[in-house]
2 protein chains.
Amino acid sequence: MITIEEAEIRSGIIKAMSHPVRLMVIEYLKDGSRTFSEIFGLFGFDKSTISKHLLVLKEAGIVSSKKNGSDMIYTLEVPCVTDFFGCVTAVIENNVRRQQVCLCKR
Amino acid sequence: MITIEEAEIRSGIIKAMSHPVRLMVIEYLKDGSRTFSEIFGLFGFDKSTISKHLLVLKEAGIVSSKKNGSDMIYTLEVPCVTDFFGCVTAVIENNVRRQQVCLCKR
DNA sequence: TGGTATATTGGTAAAAATACCAACAAGCCA
DNA sequence: TGGCTTGTTGGTATTTTTACCAATATACCA
């Protein structure tokens, strides 16, 4: 078994992925680095909101950023995080199979 | 790209995994089903707290439960979720490599 | 039946997450 | 330099999450 301390570290990283905007950013960066503006353009939220979501991903070590002129470039640090999405899909499909509507996010 | 609706569904499932107690429960159930009492015994929290964490996992479709006498048996529905832990470890190791302390969960 | 063990539900207080607006900082170029 | 673009930070209101206690429900057994 893992310790509670180890679980806290792991859950911090998972929590960083557990928001729709942050999940979409991860998906988007899977195919290559993007500027803040490109990422911002995907959503209808305020700039500051997107900037703070990116900070959460950065602090978790999931993305990194570097300045390029007046742009800020965001890069996915650990592409394997997207491997997980297949399993999330399996959970969703299993829920459908069991006639169980997922109650999350309602 | 995935849609925001799809991202909301996925993030709901990931959010269900993003708590240390729920993560430890998933790890614990990886080796087989367990009773509520066995799970409860791992932690120092109130029964009701653990019961509610298990409800979150159940509503996400990650675990299922069935009554057996006076016990409640919890089962991991989609074992592939634990595959993800390897990648979480990769994130942690990458953070260490980059001399970056993970700021999450402090 | 009455008592005990097992687990869930209701209610609530405290903490954390989220999104907005405003203000600021840094780079670019006319 | 002055103004424009790009992105972050500060502050705040709202919502969500979390953990506890108390009460309830269900099964078992004497």
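Protein chains get the first letters and strands the later ones, always in sequence-line order, with residue 1 at the start of each.
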Would you please name every residue forming a side chain to side chain donor-acceptor pair (under 3.5 Å) with [X], sequence neighbours left out?
| X | value |
| --- | --- |
| S18(B) | none |
| S64(B) | E77(B) |
| T49(B) | none |
| H19(A) | none |

For atom [atom1] of [X] and atom [atom2] of [N], their distance in whole Å:
| X | N | atom1 | atom2 | value |
| --- | --- | --- | --- | --- |
| I4(A) | dA19(D) | CD1 | C1' | 13 Å |
| E8(A) | dA16(C) | CD | C1' | 14 Å |
| F45(B) | dT17(D) | CZ | C1' | 13 Å |
| E59(A) | dA17(C) | CD | P | 11 Å |
| F43(B) | dC20(D) | CZ | P | 12 Å |

**Request:** Ignoring backbone atoms, test whether H19(A) places a side-chain nitrogen or oxygen under 4.0 Å from the OP1 or OP2 oxygen of dA19(C).
**Result:** yes
**Prompt:** Quick one: is dA19(C) close enough that its OP1 or OP2 comes under 4.0 Å of any side-chain N or O from H53(A)?
**Reply:** yes
**Request:** Give every residue pair that meets the disulfide (SG to SG under 2.5 Å) criterion with at least one member in residues 46-93 of chain A, sequence neighbours excluded.
**Result:** C80(A)-C87(B), C87(A)-C80(B)
**Under 4.0 Å protein heavy-atom contacts per nucleotide of nucleotides 2-15 of chain D, with B for base, S for backbone only and - for none** = ----SBBBBB----
**Message:** Going by the rule side chain to side chain contact (heavy atoms under 4.5 Å, CB included), which residues pair with T35(B) if we only count those two or more places apart in sequence or in a different chain?
**Reply:** S37(B), E38(B), D71(B), I73(B)
**Item:** Residue pairs involving residues 63-83 of chain A (criterion ring pair (Phe, Tyr, Trp, His ring centres under 6.0 Å); sequence neighbours excluded)
**Value:** none
Polar atom pairs (N or O), protein with nucleotides 1-3 of chain C, under 3.5 Å:
none

**Request:** Check V91(A) against A60(B) and note the closest heavy-atom contact, atom names and distance.
**Result:** CG1-O, 3.5 Å
**Prompt:** Looking at V63(A), T75(A), N68(A), which hits side chain to side chain contact (heavy atoms under 4.5 Å, CB included) with S33(A)?
**Reply:** T75(A)
**Request:** Hey, which sits more toward the 5' end of DNA chain C by its nearest nucleotide, G44(A) or G69(A)?
**Result:** G44(A)
